[in-house]
There are 2 protein chains.
Amino acid sequence: MPYDPSAFPPFAVTVDLVVLTVRRHALCALVVRRGESPYQGRWALPGGFVRIEEDLGAAAARELTEETGLHVQGPDDRHTGAHLEQLATYGDPGRDPRMRVVSVAHLVLAPDLPTPTAGGDADSVRWAPVDSLLPPGQPCGDGPDRSGGQPDPLAFDHSRILADGVERARSKIEYSSLATAFCPPEFTVGELRRVYEAVWGVALDPRNFHRKVTGTPGFLVPTGGTTTRQGGRPAQLFRAGGATVLNPPMLRPDV
Amino acid sequence: MPYDPSAFPPFAVTVDLVVLTVRRHALCALVVRRGESPYQGRWALPGGFVRIEEDLGAAAARELTEETGLHVQGPDDRHTGAHLEQLATYGDPGRDPRMRVVSVAHLVLAPDLPTPTAGGDADSVRWAPVDSLLPPGQPCGDGPDRSGGQPDPLAFDHSRILADGVERARSKIEYSSLATAFCPPEFTVGELRRVYEAVWGVALDPRNFHRKVTGTPGFLVPTGGTTTRQGGRPAQLFRAGGATVLNPPMLRPDV
DNA sequence: GATCATAGTCGTCTGCCTGACGATAAACAG
DNA sequence: CTGTTTATCGTCAGGCAGACGACTATGATC
């Protein structure tokens with residue numbers, strides 16, 4: 001087919017954000033309430049149009065800051081912000097009833113924050129446990145059809161996008177040190193373990209987990225300090241080390 | 001920001017294809033020669049515009065068939081075609097000098113074929129060893145800058161896309177049965193091992209490999225036949241089993 | 001036909017890692 | 001002081017991977 005730049009079909013390109021955090025032992029996602037039709041009043045993932053001279057990742061970072069006040073972690077500074085990566089692109093015709101919209105979804109992993117307090121708009125944004133947004137136990141990934149069940153709590157195809165983002169997070173903390181993105185700059189082994197337990201929805205043996213993470217070179221570096229903020233015996237504080245991949249990986253029970 | 005459908009910035013949306021196969025012990029990618037400016041005469045990944053009422057995956061499958069004659073494997077029929085999955089989306093402003101193009105790259109893993117024989121156009125399409133297309137040893141993925149070195153052999157940002165696709169294939173055959181997508185419908189353990197060796201660029205121990213793949217339930221199912229097409233002692237023929245994930249994974253040496 | 005080269009297949013052994021779980025340490029609450 | 005909570009160290013058995021040895025069955029070569 002000839003490549004005719006003057007005759008390309010017009011698309012709208014947006015970014016949608018799956019922003020995950022761990023709050024009170026539960027994996028939570030950031031959702032915003034839609035003020036306009038379609039899906040008015042329904043919850044949706046934050047997102048917006050990509051500007052005409054803006055890179056996709058920059059658009060995602062901008063929307064994240066606009067809607068949550070979160071900042072993305074730069075390549076050098078460690079743990080002053082959130083982790084952002086591209087997730088997947090959703091372009092089914094008819095996913096937006098108004099026009100042809102291709103949405104480049106991004107995944108953000110953030111430490112627990114006081115409260116989103118959106119850009120001016122207050123109670124139209126909140127952290128929602130992913131269990132309350134997704135039918136539990138549904139892998140949802142590439143399956144042919146997952147309809148049937150209670151009605152979709154999220155607008156558009158955002159349940160599908162959220163499910164894909166959650167699955168990416170669940171698998172990625174297996175073989176990378178990304179779980180530290182859910183933690184504050186300094187954290188204990190127990191806090192990191194509770195991140196794994198919340199994301200995977202399982203209980204892990206504290207002793208084996210401690211052996212694994214402290215025995216993996218470059219995963220954790222002790223800061224020297226201790227804390228008792230979790231109660232019990234004082235625990236060592238760590239920062240995330242330079243390692244990005246976990247080899248061998250952290251093993252998720254069953255599966 | 002208000003969501004104004006009438007004022008969205010116009011984008012062109014394309015699909016680009018990273019089509020990989022294994023030929024003569026080498027991982028090869030499908031490239032086409034560009035007939036028009038820009039990058040006229042340079043090699044590029046196959047691809048084209050998404051039609052206005054077409055899903056992204058359907059566009060990728062259509063371009064694949066148009067440019068190579070390959071067909072995508074349906075969810076039910078096993079190994080009558082190639083594996084296709086979405087890879088990532090590239091939307092840097094200026095990646096196409098003519099206009100703002102967002103390209104949704106897809107990854108295709110195909111068995112070795114007689115010869116592409118493009119849509120009418122003969123020698124403008126070929127299999128090229130990825131070692132000849134990419135600076136060897138460059139991970140290339142999300143690194144800040146990989147310029148410096150010999151000039152880029154591929155048009156646009158296609159070297160980056162190809163590198164990302166190759167890295168995806170390399171990591172995915174670790175923990176999935178996707179390496180069988182490089183094999184004909186019936187294949188031997190040795191042929192499968194040569195796939196791993198070509199994709200990873202390493203030598204694997206035939207005995208340990210045999211133990212691993214035949215010992216993983218659901219990975220391979222014997223067809224009862226044997227073949228001597230590789231020389232030596234006759235080898236059992238297998239088909240791909242129903243398993244899609246390898247747990248525990250196939251371990252890549254060093255890394 | 002004997003010999004060689006090539007591939008395939010089955011075992012063995014050792015070391016590492018994980019899961020299961022006992023035991024101890026150091027804080028706080030009553 | 002006692003019980004509770006959390007952290008941390010140790011031990012032990014089983015599974016799996018890497019390193020190889022050994023044997024089998026074909027085709028090629030002399």
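Every value quoted in this text rests on a predicted model; they were computed, and no experiment measured them. Per chain, numbering begins at 1; letters A, B, ... match sequence-line order.
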A.B. asks: Please determine whether a side-chain nitrogen or oxygen atom of Lys212(B) lies at a distance below 4.0 Å from atom OP1 or OP2 of dC16(D).
C.D. replies: no

A.B. asks: So, does Arg168(A) use its side chain to make a donor-acceptor pair with the main chain of Leu107(A) at under 3.5 Å?
C.D. replies: no

A.B. asks: Please report the distance, rounded to the nearest Å, between OH in Tyr175(A) and P in dC17(C).
C.D. replies: 21 Å

A.B. asks: Could you tell me how far apart Phe209(B) (CZ) and dA7(C) (C1') are, to the nearest whole angstrom?
C.D. replies: 14 Å

A.B. asks: Looking at Ala44(A), is its backbone amide N or carbonyl O close enough to the side chain of His158(A) to form a donor-acceptor pair, meaning the two atoms are under 3.5 Å apart?
C.D. replies: no

A.B. asks: Between P on dA17(D) and CG on Leu204(B), what's the gap in Å once rounded to a whole number?
C.D. replies: 13 Å

A.B. asks: Kindly confirm or rule out a cation-pi arrangement of Arg24(B) over Trp127(B), judged by NZ or CZ under 6.0 Å from the six-membered ring centre and within 45° of its axis?
C.D. replies: no

A.B. asks: Has the side chain of Asp157(B) got a donor or acceptor atom that lies under 3.5 Å from a matching backbone atom of Arg160(B)?
C.D. replies: no

A.B. asks: What's the CG-P distance between Asn208(B) and dG15(C), to the nearest Å?
C.D. replies: 16 Å

A.B. asks: In whole Å, what is the span from the CG atom of Leu192(B) to the P atom of dT9(C)?
C.D. replies: 12 Å

A.B. asks: Would you confirm whether Thr21(B), through its side chain, and Asp112(B), through its main-chain N or O, come within 3.5 Å as a donor-acceptor pair?
C.D. replies: yes

A.B. asks: Return yes if some donor-acceptor pair links the side-chain N/O of Arg170(A) with the main-chain N/O of Val199(A) below 3.5 Å, else return no.
C.D. replies: yes

A.B. asks: Please tabulate the protein-to-nucleotide N/O contacts below 3.5 Å involving nucleotides 6-9 of chain D, giving atom names and distances.
C.D. replies:
residue: dT6(D); atom: O2; partner: Arg233(A); partner atom: N; Å: 3.2
residue: dA7(D); atom: OP2; partner: Arg193(A); partner atom: NH2; Å: 3.2
residue: dA7(D); atom: N3; partner: Arg233(A); partner atom: NH1; Å: 3.1
residue: dT8(D); atom: OP1; partner: Gln236(A); partner atom: N; Å: 2.9
residue: dT8(D); atom: OP2; partner: His210(A); partner atom: NE2; Å: 3.3
residue: dT8(D); atom: O5'; partner: His210(A); partner atom: NE2; Å: 3.4

A.B. asks: For Asp205(B) and dA19(D), what is the distance between atoms CG and C1' respectively, to the nearest whole Å?
C.D. replies: 7 Å

A.B. asks: Mapping Thr228(A) and Arg211(A) to their closest nucleotides on DNA chain C, which lands nearer the 5' end?
C.D. replies: Arg211(A)

